[in-house]
Amino acid sequence: MPDRIRIVVTGKGGVGKTTLTALIAHHFAKRGRRVLAVDGDPQQNLAATLGISPDRPIVPLADRKEYIEEKIGSGPGRGGLMILNPDTADVVDRFGVPAGENIRLLVMGGVKNAGSGCLCPEYTLLSAVLRNAAALPDEVVLLDTPAGLEHFGRAVAQGFSLALIVSDRSYNAISVAGELRRLARECGIRETVLVVNRVEQGTDYQALREKHGAGFSSVRFIPADPCIARHEPSVLPVIEEGCPVTEAVRALVRGILAGM
Ligand SMILES: Nc1ncnc2c1ncn2[C@@H]1O[C@H](COP(=O)(O)OP(=O)(O)O)[C@@H](O)[C@H]1O
Ligand SMILES: [Mg+2]
């Protein structure tokens, strides 16, 4: 069993990345693992999905000007040199937000022009945190990402070893999943798992696996579960009630712990 688990959750918009990230985080935590959930989506909806009250303000890392200056320097145009590979191992102890027993949340926030890999201090800091994810103290790190491909940079590839590529059954989502798999492999992420979400009852899993699974390390299925919408935004009641989705998530977590 791997002692450090570093998972990036990716896929087309709306396929269930944030929901699954939160569910998986809670399941690891229930098993006694110390979990860090990282919200890499500028929309910042992982906190509420994990069950943190929306009234609780969270300052994202991209807005921590003092920390950024301490680690990176003030940057070009502001009269300073930039440190491109700072030691960010303290970032979670300083800015992690408790999100239940054994879970902390780190919110990255938005960076202008992140996709173009701009050399601004905020982007430099966030990418250093991702690149150095292996050095973070938490046993499990789960990174939720925004839709699209551009955020899937080198930094993520260096810090993470497993990509959960989420899709629903639509043609578009499956195509994006295929592209993301190729990208992940090219970048050197060893394991790519296709997670087909919102699968209807009675679906032929074997047929789906044969149709879409080529090239992925493995394929997992998560059922469509109306329970999730009933309890939005938090997944906590979904777990407490033992809604249908929980068994599939539990099996996924078991698989990850067993090395898939
Ligand atoms: N297995 C599921 N069954 C039913 N609804 C789901 C399931 N997974 C996600 N959803 C719903 O789909 C919508 C999009 O999910 P979200 O996690 O926000 O997607 P993403 O982060 O990929 O944009 C949400 O309304 C969520 O409640
Ligand atoms: Mg999301």
Side-chain angles (χ1 to χ4, degrees), residues 7-27 37-52 54 58 60 62 99 103 105-111 114-115 126 130 141-152 156 160 163-181 183-184 192-203 205 208 212 219-253 255:
I7 304 169
V8 52
V9 181
T10 180
K12 188 177 174 295
V15 292
K17 297 179 293 297
T18 303
T19 307
L20 289 177
T21 302
L23 285 167
I24 292 168
H26 281 298
H27 275 86
V38 181
D39 192 351
D41 186 345
Q43 288 189 351
Q44 301 173 33
N45 47 19
L46 185 56
T49 312
L50 282 166
I52 295 176
I58 299 175
I103 307 189
L105 166 70
L106 185 66
V107 177
M108 299 297 236
V111 173
L126 298 198
L130 296 177
V141 177
L142 274 161
L143 170 66
D144 183 23
T145 62
L149 311 175
E150 63 280 355
H151 214 77
F152 206 84
V156 173
F160 293 76
L164 292 183
I165 303 179
V166 185
S167 180
D168 54 26
R169 293 192 53 191
S170 71
Y171 177 83
N172 283 346
I174 292 276
S175 322
V176 171
E179 270 177 72
L180 286 166
R181 176 183 59 74
L183 227 97
T192 54
V193 175
L194 176 63
V195 180
V196 187
N197 189 23
R198 279 201 223 108
V199 179
E200 296 300 334
Q201 245 180 3
T203 298
Y205 286 181
L208 267 191
H212 303 301
V219 185
R220 297 277 165 157
F221 301 95
I222 308 283
D225 186 348
C227 217
I228 295 175
R230 239 186 352 261
H231 294 300
E232 264 183 340
S234 172
V235 299
L236 279 178
V238 173
I239 296 169
E240 275 153 23
E241 276 180 27
C243 292
V245 73
T246 52
E247 183 45 47
V249 173
R250 200 176 297 134
L252 177 59
V253 167

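Just so you know, these numbers come straight off a predicted model, no measurement behind them. Atoms within a ligand are numbered from 1 in the order they appear, just like the ligands themselves.
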Looking at CG of L143 and OG1 of T10, how far apart are the two atoms once the value is rounded to the nearest 0.5 Å?
->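 One finds 9.0 Å between CG of L143 and OG1 of T10.
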Spacing of CD1 belonging to I24 relative to CD1 belonging to I222, to within rounding of 0.5 Å =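 If we round to the nearest 0.5 Å, I24:CD1 and I222:CD1 are 6.5 Å apart.
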Strictly by modelled atom types, are N172 and S170 linked by a side-chain donor-acceptor pair under 3.5 Å?
->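 There is no such pair between these side chains.
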Counting backbone and side-chain atoms alike, does T18 have an N/O/S atom under 2.8 Å from the Mg ion (ligand 2)?
->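 Of the N, O and S atoms in T18, at least one lies under 2.8 Å from the Mg ion (ligand 2), which means yes.
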If you look only at distance, which donor and acceptor atoms sit under 3.5 Å apart when one is on a side chain in residues 235-249 and the other is two or more places apart or in another chain?
unit_1	atom_1	unit_2	atom_2	d
E241	OE1	H231	NE2	3.3
E241	OE2	H231	NE2	3.0
T246	OG1	C243	O	2.6
E247	OE1	R250	NH1	2.6

Answer whether the closest heavy-atom distance between the side chains of R169 and T203 falls below 4.5 Å.
->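 Side chain of R169 against side chain of T203, heavy atoms only: contact under 4.5 Å found.
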Using a threshold of 4.0 angstrom between heavy atoms of the protein and any atom of ligand 1, which residues qualify?
->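 Residues K12, G13, G14, V15, G16, K17, T18, T19, N197, R198, P223, A224, D225, I228, E232 each place a heavy atom under 4.0 Å from ligand 1, listed by chain and number.
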Mind listing the closest non-hydrogen atom pair of A22 and T49 along with its distance?
->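 Closest approach of A22 to T49: CB-CG2, 3.7 Å.
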